Amino acid sequence: MHQRHADTTPPAAPAAGQPWVTVVVPVYNKRAHVALALRSVLAQTDQDFALVVVCDPSTDGSNEEVARVTDPRLRVLHRDRPGPGGYAARNLGVRAAATEWVAFLDADDTWTPEHLARLRALAARHPGMPMLSAGWMLHDGSRQLDRFSALQQRQDDQLLDVVDYLRWEARGARPVWTGVVCLRKTLLTQAGGFPEDKIARSGDLDTWVRCVAAAGGLAWSPHVGGIYHRDAQNMVTRLAPVHLEVHLATTRRLLQATGDPLLRRLLIERKNNLVINAWVSNVYIPQGHGFRMGPLLEHRALLLHRPLHVAKCLAYDLLSRLPGDGGLRVHRGLVRLRQAWRSQP
């Protein structure tokens, strides 16, 4: 069923025998990948799902590829203009969902066949948990397990609270990726949905920290649920500059909402890492001009608890003050040294 919509649509009316989950797939200029992505959804061992594909106005024939897919569970919505990062398309798909749960897959990624079945079983084992996640694989020439799964090395469910999530995030090992997450629609709505028209890159990360905070945690399954295909055709969002405003606003709201000392320390560390990562990313990108980090970093409160993090903040503040691309050159050198050290047997 193909329908044309602007940026809003009422949810479909619930019906008897409603599927347990709606899979939302945003599509924009992904002709080379979208058919494979949709096939991976339709090939799930758990066939009790609805599929909503939201097509932005592609110029490469992506929408024609979607039109070739015929399945009674498929509902196709069309937007009149592309939205950065696919966030507006995802929000539209969520509003159109009539199920209790929603899951997401980008049009250039794929699922493993038992992903939905494993998530459904996870939800049954932890009925009070409104947010679910799983492991995933990065396909970039070779296949590499996500960092959280690799560090866990466990084959049982994990129940993570907000503190756990922030600790793992600080280690660069987030337990949530958009291509494997599944959550109750009401939770995503309560958390504010995806940041459409506000940010072109890393809006998912902002969305998931808000959802984890609103839910109080998440349940994680050790199965590999999705494959993130990173290639030359999947570069638009990755090359967009990092914008701090949305991320910092979320972190500040979370800081204002808690008086727990440990949670506050982790949120302050998150704020500092956001500033550092944005500087590093924007230095790499022509649109970014860099900035001095000093006024944005907040590290004094962490001096007794996280001295190494404070040292990192001071070092990168110094790099941000070097003239020209001096800071960039030093950062690249440090990255090469770290990679060489990690590659040693």
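Predicted model, so just to flag it, every value in this text is computed and none were measured.
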Under a 3.5 Å distance rule, please check whether [X] uses its side chain to pair with a backbone N or O of [Y] as donor and acceptor.
| X | Y | value |
| --- | --- | --- |
| Q155 | P222 | no |
| D146 | W136 | yes |
| T99 | P19 | no |
| R118 | A134 | no |

Which pairs with one or both residues in [range] pass salt bridge (charged side-chain N to carboxylate O under 4.0 Å, His left out), sequence neighbours excluded?
| range | answer |
| --- | --- |
| residues 119-131 | D46-R120, D48-R120, R125-D157 |
| residues 306-317 | E269-R306, D317-R321 |
| residues 244-267 | none |

* To do: Decide whether L205 and L132 are clustered together by the hydrophobic rule: side chain heavy atoms of Ile, Leu, Val, Met, Phe, Trp, Tyr closer than 4.5 Å, transitively.
  => no
Does the side chain of [X] come under 3.5 Å of the side chain of [Y] through a donor N or O and an acceptor N or O?
| X | Y | value |
| --- | --- | --- |
| N63 | E65 | no |
| T112 | H223 | no |
| T251 | R270 | yes |

* To do: Output yes when K30 and D108 qualify as a salt bridge under the 4.0 Å nitrogen-oxygen rule, no when they do not.
  => yes
* **Salt-bridge contact R174-D204 (side-chain N to carboxylate O under 4.0 Å)** => no
* Would you name the heavy atoms of P26 and G86 that are closest together and state the gap between them? => CB-O, 4.2 Å
* Structure fact -> Closest non-hydrogen contact found for L119 with S133 is CD2-O, 4.1 Å
* Residue pairs passing the ring-ring contact (aromatic ring centres under 6.0 Å, His included) test where at least one lies in residues 298-321, sequence neighbours excluded -> Y316-H331
* **All pairs passing ring-ring contact (aromatic ring centres under 6.0 Å, His included) where residues 190-218 contributes a residue, at least two apart** => F104-F194, F194-W208
* Asked: Can you check whether V23 reaches L116 side chain to side chain, under 4.5 Å on heavy atoms?
  -> yes
* Asked: Is there a side-chain contact between H247 and V209, using heavy atoms and a 4.5 Å cut-off?
  -> no
* Structure fact -> The side-chain contact (heavy atoms from CB on, under 4.5 Å) partner of L302 among L308, L266, I268 is I268
* Structure fact -> Of V69, L42, L105, D71, the one forming a side-chain contact (heavy atoms from CB on, under 4.5 Å) with L51 is L42
* Please identify each residue that fulfils side chain to side chain donor-acceptor pair (under 3.5 Å) with Q47, with sequence neighbours left out. => R73
* Structure fact -> d(E298 CD, L296 CG) to nearest 0.5 Å is 10.5 Å
